[in-house]
Engineer: 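Okay, here's the structure, questions in a sec.
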Amino acid sequence: MSDRWAIAATPDGGAELAPLGPDGLPAGGVRREPSLVEAVRGRPGVARWVWRSTAAVYPRLLAAGVRVDRCYDIEDAETLLLGHEGRHGEPRSAAAALARLRHAPVPPDPPQRAAEPGSQSSLFEPQPVHVPLDDLAAVYADQQRRHDATAHPDRMRLLTATESAGMLVAAEMTAAGLPWRADVHRAVLGELLGERYAGGEPRRLAELADEISAAFGRRVRPDLPADVVRAFAQAGVKVSSTRRWEIESIDHPAVKPLIEYKRLYRIHTAHGWSWLQDWVRDGRLRTEYLPGGTVSGRWVTNGAGALQIPKVIRRAVVADPGWRLVVADADQLEPRVLAAISRDPGLMEVAGRDADLYQSISDRAFASDREQAKLAVLGAVYGQTSGDGLRNLAVLRRRFPRAVAYVDDAARAGEEGRLVRTWLGRTCPPAATAGDQDGEGVPQEDQPSGPAGAPGEFVPGYASTNARARGRFTRNFVVQGSAADWALVMLAALRRACAGLAAELVFFQHDEVIVHCPAEEAPAVTAAIREAADLAGRVTFGDTPVRFPFTTAVVECYADAK
DNA sequence: GAAGACGGCGCC
DNA sequence: AAAGGGCGCCGTCTTC
């Protein structure tokens, strides 16, 4: 049996499929079968399924109990390849890719829609435009050639293959759901917010609002920033906003209850009773994971705000009876990634140990002040512009010149309007936002774009402010995005390691993963996570001494992991 | 009444 | 001590 097969779902639930030859085109005749699910189930020897879109095909297979080892997601690869080619805005559907290949009019992409609570999500929507299998294969074969034209074809192939694996992980996590105890969640809400008055207002919020009003000497609505700013002004305190960092140093009796109100109000509105009603069913939090949903390659979720769950609410994440949660958190991922991509000798040396990286850096350069070292590193990665961070950055630059030069170069590229890429080749979108001047982007040749910033009307200070913001973005992009590259490779390896176990991946959040498994599998899962991290370091970044340790915990409740 | 901007804050 | 990067989602306010 050929190791790669292409498959296309037909509108009646059937499939067209064919084995692919070395050129990526069908090597035998195209078969038509009445059931997509049975077509895949009956061919366990296929090493990689090439299909239009994982989100469109795989949930149906999972619902029927069919898993696949590997896939190649044509529309995801199209997105990555277009980005690398500096053509971010162009339609990415298979139909569009085919039209470009045929020099035909290119159809726009169908609009995305947000998840609605309780719906089965976009994953079960009907196919948009049916692309016949021969045409799909033609697009695939052309994509293989386009990989060869990139700066690092081997890395680009790894990127598309790995993000395809990520699509499988995402569909499986979406189908599995995160174990969620609604009764525990309700108990936490009761403790924090008190019982609800008629109309849904929690007692504790009402009490805090009263305290705040009493402190100001008049009725104040703490959920209205404008009202709070006015109240402070009447009390003789000028504030430009009611953000916590701005008001917390003010000496006024309203500050303490106000900050507490904001904390609890947030929990009530974003992760309270109605959230529970909307997103938790049958003991699982239901959301949809979207790999590569951000420009840097980080994932997003569609629905439930599942990557922003407050720590206090994590008490509701509890393993099934007899099962455990293996919670694993990569230690100081971003500076380790910076060491690997910059190949800075000093930083690689400290990142070559499992010990706390910020502590190691502070021992070398910051008189053992870990917090200062951490702020300096984050300042370098985020583009800090003022304060202590700048002085610390100078220290960092002296000790780790290549690492700092790497992010400085990325920042300069951004300020000059050039493209930057992650280690594996994910490319940041050009500065000009969709639809204005310069629209069609800048192909490979990284041309300097004259005076930095936007063409068009010139407002003194405006262009340079934009250029600096752009520099901070590209500076961060190369590190955050390369960390996302690594995380994707790690996830793919971990998924493979869990294939023979009952264990399943149930959560992934940038540098943290949760596996739900029978208690007796927990040691094997823990070992698999460490092996996946090591493997990902080697596969992603090649031959470097940099290590990627995880902090792992085997717990029954997520909140006990930290 | 729907859509979008904005302030604010949770997570990494 | 100062207010950098990436997101999603909420409620309010504004606009059409």
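The basis for the numbers below is simple: all heavy atoms, side chains too, and nothing from hydrogens, waters or symmetry mates. Chain letters run A, B, ... following the sequence lines, proteins first, then strands; residues in each count from 1. What you see is a predicted model; the values in this text were computed from it and never measured.
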Engineer: Please verify the inter-ring angle class for A/Tyr265 with A/Tyr261; under 30° counts as parallel, over 60° as perpendicular, anything in between as tilted.
Structural biologist: parallel
Engineer: Heavy atoms of chain A, cut-off under 4.0 Å: which first and last nucleotide of DNA chain B, 5' to 3', fall inside that, if you could look?
Structural biologist: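 For DNA chain B, the relevant span reads B/dG7 to B/dC12.
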Engineer: Indicate, with a heavy-atom threshold strictly under 4.0 Å, whether A/Leu333 touches base, sugar-phosphate, or nothing.
Structural biologist: nothing
Engineer: Applying salt bridge (charged side-chain N to carboxylate O under 4.0 Å, His left out) to A/Asp534 and A/Arg547, what does each step give before you reach the verdict?
Structural biologist: CA-CA 7 Å; A/Asp534 285 347; A/Arg547 310 244 330 134; 3.7 Å; yes
Engineer: Does a salt bridge link A/Arg203 with A/Glu207, judged by any charged N lying under 4.0 Å from a carboxylate O?
Structural biologist: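 Salt bridge flag = yes for A/Glu207 with A/Arg203.
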Engineer: Are A/Phe507 and A/His516 an aromatic pair by the rule of ring centers under 6.0 Å?
Structural biologist: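 Between A/Phe507 and A/His516, the centre distance exceeds or equals 6.0 Å.
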Engineer: Quick test of the criterion, 5.5 Å between centres and less than 30° between planes. Is A/Tyr382 stacked on C/dG5 or not?
Structural biologist: yes
Engineer: Please report, rounded to the nearest Å, how far the P atom of C/dT14 is from the CG atom of A/Leu224.
Structural biologist: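 Result: 11 Å.
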Engineer: Could you go through the salt bridge (charged side-chain N to carboxylate O under 4.0 Å, His left out) check for A/Arg186 and A/Asp183 one step at a time?
Structural biologist: CA-CA 5 Å; A/Arg186 283 193 202 93; A/Asp183 57 331; over 6 Å; no
Engineer: Taking N or O atoms only and anything under 3.5 Å, show me the protein contacts with nucleotides 6-11 of chain C, one pair per line.
Structural biologist:
from: C/dG6; atom 1: O4'; to: A/Gln480; atom 2: NE2; distance (Å): 3.2
from: C/dG8; atom 1: O4'; to: A/Gln308; atom 2: NE2; distance (Å): 3.2
from: C/dG8; atom 1: N2; to: A/Arg266; atom 2: NH1; distance (Å): 3.2
from: C/dG8; atom 1: N2; to: A/Arg266; atom 2: NH2; distance (Å): 3.1
from: C/dC9; atom 1: OP1; to: A/Gly303; atom 2: N; distance (Å): 3.0

Engineer: Which heavy atom in A/Glu556 sits nearest to a heavy atom in A/Leu325, and how many Å separate them?
Structural biologist: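 Distance-wise, the nearest heavy atoms are O-CD1, 3.8 Å.
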Engineer: In terms of the angle between their ring planes, are A/Trp180 and A/Trp275 parallel, tilted or perpendicular, with boundaries placed at 30° and 60°?
Structural biologist: tilted
Engineer: So, does A/Arg472 get its side chain near the phosphate of C/dG5, meaning an N or O under 4.0 Å from OP1 or OP2?
Structural biologist: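 Yes, such a contact exists.
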Engineer: Tell me: CG of A/Asn392 to C1' of C/dA1, nearest whole Å?
Structural biologist: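 Answer to the nearest Å: 11 Å.
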Engineer: When we call it a touch if two heavy atoms are under 4.0 Å apart, what does A/Leu378 touch: a base, just sugar-phosphate, or nothing?
Structural biologist: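 Touches a base.
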Engineer: Starting at atom CZ of A/Phe366, determine the distance to atom P of C/dA1, rounded to an integer number of angstrom.
Structural biologist: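 Result: 18 Å.
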Engineer: Classify the nucleic acid contact of A/Arg391 as base, sugar-phosphate or nothing, counting any heavy atom under 4.0 Å across all strands shown.
Structural biologist: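 The residue A/Arg391 makes no contact with any strand.
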Engineer: For the backbone of A/Val220 and the side chain of A/Asp227, can you confirm whether one donor and one acceptor N or O come within less than 3.5 Å of each other?
Structural biologist: no
Engineer: What's the separation between atom CZ in A/Arg181 and atom CG in A/Leu276, rounded to the nearest 0.5 Å?
Structural biologist: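 It is 12.5 Å, given to the nearest 0.5 Å.
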Engineer: How is A/Arg475 classified with respect to the nucleic acid when contacts are heavy atoms under 4.0 Å: base, sugar-phosphate, or nothing?
Structural biologist: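 Nothing: the residue A/Arg475, judged by heavy atoms under 4.0 Å, touches no strand.
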